[in-house]
Amino acid sequence: MSNITITMKDGSVREFEHEGRGGGSYTKRLSFDGAFAVVTDEWDNRTAIPAADIALIEERPERTAW
């Protein structure tokens with residue numbers, strides 16, 4: 001389970017927070033396809049952001065097992 005934060009070069013921030021989904025351990029997923037960072041949500045909807053516009057990507061687990 002993860003939360004993904006993408007900081008854009010213009011200073012704006014895109015937040016992709018874990019929402020969960022019944023029936024399994026679905027979560028947000030980050031991948032890269034060519035010159036795009038792709039965030040896939042729990043229902044397989046995808047958001048593609050051009051890498052040229054991104055300053056920083058942070059991916060944090062929703063929970064940490066100790």
> If we only count heavy atoms from C-beta on, is the His18 to Glu42 side-chain gap below 4.5 Å?
yes
> Running the 4.5 Å side-chain criterion over Ile, Leu, Val, Met, Phe, Trp and Tyr, what cluster does Val39 land in, apart from itself?
Ile4, Ile6, Met8, Phe16, Leu30, Phe32, Ile49, Ile54, Ile57
> Could you give the distance from CG (Asn45) to NZ (Lys28), rounded to the nearest 0.5 Å?
9.0 Å
> Listed by chain and number, what are the side chain to side chain donor-acceptor pair (under 3.5 Å) partners of Arg29, not counting sequence neighbours?
Asp44
> Which residues satisfy the side chain to side chain contact (heavy atoms under 4.5 Å, CB included) test with Asp33, sequence neighbours excluded?
Val38
> Taking only residues two or more places apart in sequence or in another chain, which ones pass side chain to side chain donor-acceptor pair (under 3.5 Å) with Thr5?
Glu15, Arg60
> Closest approach of Ala48 and Phe36, non-hydrogen atoms and distance?
CB-CD2, 4.0 Å
